[in-house]
Amino acid sequence: YALNSILNEKYSIMEQMNKNIAYQFEKYEDLTMTLYHNEQTRSYIDSEDYSEYSVYIKQFLDSIVNSDKYVVSAMLNLDGIKYVSGNNYLNLEDFLSEYEDFVTSQKGKVVWIPTQNLSTSYKQSVKNFVLARAVNSPVRNVGVLWLFLREEFFDDVLENKSLNTSLDTLIVSPDKIVVSSTDKKKVGFRTNLEYIDRVNFGKNG
């Protein structure tokens, strides 16, 4: 009975964490859609002529970075022309080449990319997770929007007073990448914990 009581309590806490994360993620997903809701940015995207620099696109990206403490960089790649606000990354091209084709194949659906160890232009290593979605004109895919977010986003969720501080709490992606952890040394790396294989992702397990 004591064991079941403890398990039920912890499970309720984890369920609430999950709801909090889902709610915050939905807000970021809605934020990316404002690219289409703004008349100037929408007209520029729909024109499919990106030879002339758009101040409206840059203002849109700046507004995202400046209005949210967790968004450290926003980038829109339109037919090879990159608009960037916030952090610049030294290994950005490697990151884009790894994920861009998959994001584009999702035809505008949001893709969440687990926490990465990235290097900034100041040669500092940062841990960011990423929201990406393909950007489309009325007739074709024209680019990809990327939002880079601090891993610290998860700290408020993980720092639940009902959880024993001696516990190592992790958020792990289906491919075993540690998205966030109370042990920061593990973040961004693949975990080899043996019980991870027994977790049935996508269901309660």
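- A continuous path of ILVMFWY side-chain contacts below 4.5 Å connects Phe154 to Ile13, so both sit in one hydrophobic cluster.
- Nearest approach of Ser181 to Val187, heavy atoms of both residues: N-CG2, 3.6 Å.
- The OG1 atom of Thr182 sits 6.5 Å away from atom CG of Leu170, with the distance rounded to the nearest 0.5 Å.
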Per-pair distances, 0.1 Å, donor-acceptor, side chain in residues 84-95, under 3.5 Å, sequence neighbours excluded:
from, atom 1, to, atom 2, distance (Å)
Ser85, OG, Asp62, OD1, 2.5
Tyr89, OH, Asn128, OD1, 2.6
Asn91, OD1, Ser119, N, 3.2

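- In the hydrophobic cluster analysis, where Ile, Leu, Val, Met, Phe, Trp and Tyr join through side-chain heavy atoms closer than 4.5 angstrom, Val179 is grouped apart from Tyr23.
- For the pair Lys107 and Asn136, the tightest heavy-atom approach, listed with the atom from each and the gap, is O-ND2, 3.6 Å.
- When each of Val71, Ile64, Asn66 is tested with Asp68 by the rule side chain to side chain contact (heavy atoms under 4.5 Å, CB included), just one qualifies, namely Val71.
- Of the inter-residue distances, the one linking Ile113 atom CD1 with Leu131 atom CG reads 8.5 Å to the nearest 0.5 angstrom.
- Connection of Ile45 to Val55 is established within a shared hydrophobic cluster, with ILVMFWY side chains joined at heavy-atom distances below 4.5 Å, either directly or through further cluster members.
- Counting heavy atoms of neighbouring residues, nucleotides and ligands inside a 6.0 Å radius, atom OH of Tyr56 does not exceed 12 of them.
- A 4.5 Å side-chain heavy-atom check between Leu35 and Val135 finds at least one atom pair inside the cut-off.
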Could you walk me through whether Asp49 and Ser51 pass side chain to side chain donor-acceptor pair (under 3.5 Å), step by step? CA-CA 6 Å; Asp49 178 10; Ser51 57; 2.8 Å; yes

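- Within the 3.5 Å criterion, the main-chain N or O of His37 finds no donor-acceptor partner in the side chain of Arg42.
- Interatomic distance, CG of Asn38 versus CD of Gln59, reported as 9.0 Å (0.5 Å rounding).
- Taking CG of Leu31 as the reference point, atom CD of Glu26 lies at 12.5 Å (rounded to 0.5 Å).
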Are Leu145 and Met75 close enough, and set up right, to give a side chain to side chain contact (heavy atoms under 4.5 Å, CB included), and what steps lead you there? CA-CA 6 Å; Leu145 174 64; Met75 187 184 79; over 6 Å; no

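- Atoms OG and CZ, from Ser180 and Arg150 in turn, are 14.0 Å apart once rounded to the nearest 0.5 Å.
- With respect to the salt-bridge test (charged N to carboxylate O, under 4.0 angstrom), the residues Glu151 and Lys184 qualify.
- Note: the hydrophobic cluster containing Leu118 does not contain Leu149 (ILVMFWY, side chain heavy atoms under 4.5 Å, direct or indirect links).
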Using side chain to side chain contact (heavy atoms under 4.5 Å, CB included), reason through Phe129 and Phe148 one step at a time and then give a plain yes or no. CA-CA 6 Å; Phe129 66 103; Phe148 294 79; over 6 Å; no

Quick one: do Ile57 and Gln40 satisfy side chain to side chain contact (heavy atoms under 4.5 Å, CB included)? Show the steps, please. CA-CA 8 Å; Ile57 294 292; Gln40 287 89 356; over 6 Å; no

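- Side-chain contact annotation: Glu29 with Trp112, donor-acceptor N/O pair under 3.5 Å present.
- With contacts defined as side-chain heavy-atom distances shorter than 4.5 Å, the pair Tyr50/Val142 qualifies.
- Below 30°, between 30° and 60°, or above 60°: for Tyr70 and Phe153 the angle between ring planes is above 60°, a perpendicular geometry.
- Annotation: side chain of Lys176 is not in contact with side chain of Phe189 (no heavy-atom distance under 4.5 Å).
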For a ring pair (Phe, Tyr, Trp, His ring centres under 6.0 Å) check, start with the C-alpha distance between Tyr83 and Tyr53, then their side-chain angles and the critical distance, and finish with the verdict. CA-CA 9 Å; Tyr83 290 84; Tyr53 182 86; 5.1 Å; yes

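- Taking every heavy atom of both residues into account, Leu96 and Lys82 meet most closely at CD1-CE, 3.7 Å.
- For the residue pair Tyr44 and Ser47, the shortest heavy atom distance occurs at O-OG, 2.7 Å.
- A salt bridge links Arg140 with Asp79: the distance from a Lys NZ or Arg NE/NH1/NH2 to an Asp or Glu carboxylate oxygen falls below 4.0 Å.
- Using a 4.5 Å cut-off on side-chain heavy atoms (C-beta onward), Leu76 and Leu61 make contact.
- Between Gln16 and Asn20, the side chains place a donor N or O and an acceptor N or O closer than 3.5 Å (distance only, hydrogens not considered).
- Taking every heavy atom of both residues into account, Ala134 and Tyr36 meet most closely at O-OH, 3.9 Å.
- Separation of atoms NZ (Lys27) and OG1 (Thr32) is listed at 14.0 Å; rounding is to 0.5 Å.
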Apply side chain to side chain contact (heavy atoms under 4.5 Å, CB included) to Val103 and Trp146, showing your working. CA-CA 10 Å; Val103 174; Trp146 309 83; 4.2 Å; yes

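- Under the 4.5 Å side-chain heavy-atom criterion for Ile, Leu, Val, Met, Phe, Trp and Tyr, Val144 and Met33 are members of distinct hydrophobic clusters.
- Counting only heavy atoms from C-beta outward, the side chains of Val172 and Ile177 never approach each other to under 4.5 Å.
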Would Lys127 and Asn117 count as a side chain to side chain donor-acceptor pair (under 3.5 Å) if you check the C-alpha gap in whole Å, the side-chain angles of each, and the deciding distance to 0.1 Å? CA-CA 5 Å; Lys127 297 178 186 295; Asn117 291 290; 2.8 Å; yes

